[in-house]
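First comes the structure, then the notes that go with it.
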2 protein chains.
Amino acid sequence: MPPHAGKTMLYQKIFSQDTLLMQEALSLAAQALGRTSPNPPVGCVIVKDDHVIGRGFHPKAGEPHAEVFALRDAGFRAEGATAYVTLEPCSHHGRTPPCADALIAAKVQRVVIAALDPNPLVAGKGVQKLLDAGIQVDVGVLQDQAIVQQAGFRTRITHGRPRVTYKYAQSLDGKMASQNGRQLWLTGQDAKRRVHELRNQMDAIAVGSNTVLSDNPLLTTRLEGVTGTRDPIPVIFDRSGRVPLSAKAMRPGAIVVTESQQEYPDFLKVIRTTHLPDVLQELGKQGINTLLLEGGPDLASAFLKADLIDDLLVFIAPRIMGTGRPSLWTELEGLLDVQELKTEQVGKDVLLSARIHPIPQVEAD
Amino acid sequence: MPPHAGKTMLYQKIFSQDTLLMQEALSLAAQALGRTSPNPPVGCVIVKDDHVIGRGFHPKAGEPHAEVFALRDAGFRAEGATAYVTLEPCSHHGRTPPCADALIAAKVQRVVIAALDPNPLVAGKGVQKLLDAGIQVDVGVLQDQAIVQQAGFRTRITHGRPRVTYKYAQSLDGKMASQNGRQLWLTGQDAKRRVHELRNQMDAIAVGSNTVLSDNPLLTTRLEGVTGTRDPIPVIFDRSGRVPLSAKAMRPGAIVVTESQQEYPDFLKVIRTTHLPDVLQELGKQGINTLLLEGGPDLASAFLKADLIDDLLVFIAPRIMGTGRPSLWTELEGLLDVQELKTEQVGKDVLLSARIHPIPQVEAD
């Protein structure tokens, strides 16, 4: 990037109008969370003379990008307008033509970008293309929110694997299952709903064979009163091939992770290793950006041991068990410090959100 | 209480001025938290023509009650005024003359009370005395806050024992000590300060012999920049008499709970049983309203087993231990449901506040 670009790109002031409009672009993008992989969720708003004249978001891979929908919505009025886009417009020919070209062709005057694209095919190049066309570019409005929204995509592009979120519930005294390993439903209705909202937004959901064999879970999204939900892809960790094909999770498109050599029907995908880094790389190759880890402590502890948990979502129920099994149990080399810990009330329960690994991002010059 | 009293006593509307003034009375009372036992903390504000003309709080047992200080402050201007008091004025001759009499003598016109006194010597009688003197009485303004502030007194008056708060810190994965039982300091500076604020307000602090022998803790209040702090009374659970007199916690006034028959010097108090219900009744007899349970999981688990933990304060640190000992470990008959669970951010840590047992209160008719 040429040295002069820095001044244009670094977003120095907070303009409240920019913030509000970028917030709307983020809200548009959020509608497609869990539907865009391997692409990121992206939203775009086009504004002229203080009026929003175009809105768009990327609905799913293979369909046009957010900018294209917003430009179509705006039509010829886009000339001289400002475009707010949650991720740096692409500059390369992928499945669709470059969005930077579309913005230039539409003669927008200014492009406001929440965050740069970590994809090395794009990073900074989209901005440069716009600058070269004489368009004013500002980067960094609501950057933190955008990066969180794009966390899965950013992790896959950077590390080749999906971002892994371990979700579990524990009692106030830190137990998640009875002594014999049986998981109890500890939390209330609000927390349950939150879990299904999460399933609606995550690409895939991982469970161990113990969970499947004991609970035979559906692993679907069930949100009363919400239309257009979708189910995450089940990823069933079944090292020795114990889970029968009759298990509810063995639905078309499910992925079986196993070391057994048994045959599986064509409607299932099979990964023939249980070495976690390899499994996750393979999931990444299949375009899975986000993996929700549910189920028991054994699988989660293996992920933790391999340093493959990126985020924790811990529901704490207002109950005390006295005895029981903890959520995680594995020898670590010293204490593992979490980057950030936040808390919120979810009905009668409490939700802790912890970020273990940072979300990959590209620093603007 | 005669049937006509009900209408006067039940506080139906929220008047924002009443709320603000009661808030001030509660703030006054809070200044003496941990200093008034066996009495409760009480605050009083006297208001006339929209001006506060008197303020008072009960500073410590043996000194006059809040109403007396506030009436002294107001002087002759109290005639026709409204008194806001956080607890029902007493009607009986204790160490001091009844406050209800003082309010009547001062000719106040109205008395606003946050909560009725659970002491059977007072409950409702203070209100009745005021009503009989033709004073308007309203009960229930900021009642919930007042009851929380008086929780220790209310528990001791009702159950004969102090209210027990177990405070501990655990990792995100629910562990509080290493596998060999060694406690680690998990939390940050803000949480540490909060613990010392708590010590400053609690009558006594309980630890087990293991904690004393391994850490030799001071168990004092250390709050930089705060004057007038006081230390809680150490209550050292030392069944077999292993703790030496040289331990820092063995300071004058400390209480040793033991089954050993050894002699102790006169500057210590000794309770010669470790049966927890008996120990707590004895602490209650000594006028201790609030007991802060610190230290390791063994003592706390024994309290939990005996159903003698009233409140939990759980600091959760942004760290993962992997293995370790849980904060509580004891067989319970089924899940113990907690009445209320709240959460707040304390620096980089999270604090969960759980109420296991309700705070005793007297319902207004």
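Bear in mind that the values here come from a model prediction, so they are computed numbers and not experimental data. Quick note: numbers below take in every heavy atom, side chains included, and nothing from hydrogens, waters or symmetry partners. Protein chains get the first letters and strands the later ones, always in sequence-line order, with residue 1 at the start of each.
Across A/Ile356, A/Thr330, A/Leu332, the residue that shares the most heavy-atom pairs under 4.5 angstrom with chain B is A/Thr330. Of all the listed residues (A/Glu331, A/Arg319, A/Arg355), the one sharing the greatest number of non-hydrogen pairs under 4.5 Å with chain B is A/Arg319.
Within residues 297-315 of chain A, the residues having any heavy atom closer than 4.5 Å to a heavy atom of chain B are A/Leu304, A/Leu312, A/Val314, listed by residue number. Among the residues in residues 337-352 of chain A, those with a non-hydrogen atom closer than 4.5 angstrom to a non-hydrogen atom of chain B are A/Asp337, A/Val338, A/Leu341, A/Lys342, A/Thr343, A/Glu344, A/Gln345, A/Lys348, A/Val350, A/Leu352.
The two residues A/Asp173 and B/Tyr168 come nearest to each other via the heavy atoms CA-OH, 4.2 Å.
Rounding to the nearest 0.5 Å places CG of B/Leu328 at 5.5 Å from NZ of A/Lys175. For the atom pair CG (A/Leu335) and CG (B/Leu172), the distance works out to 11.5 Å, reported to the nearest 0.5 Å.
Proximity to chain B (any heavy atom under 4.5 Å) is shown, for A/Ile316, by both the backbone and the side chain.
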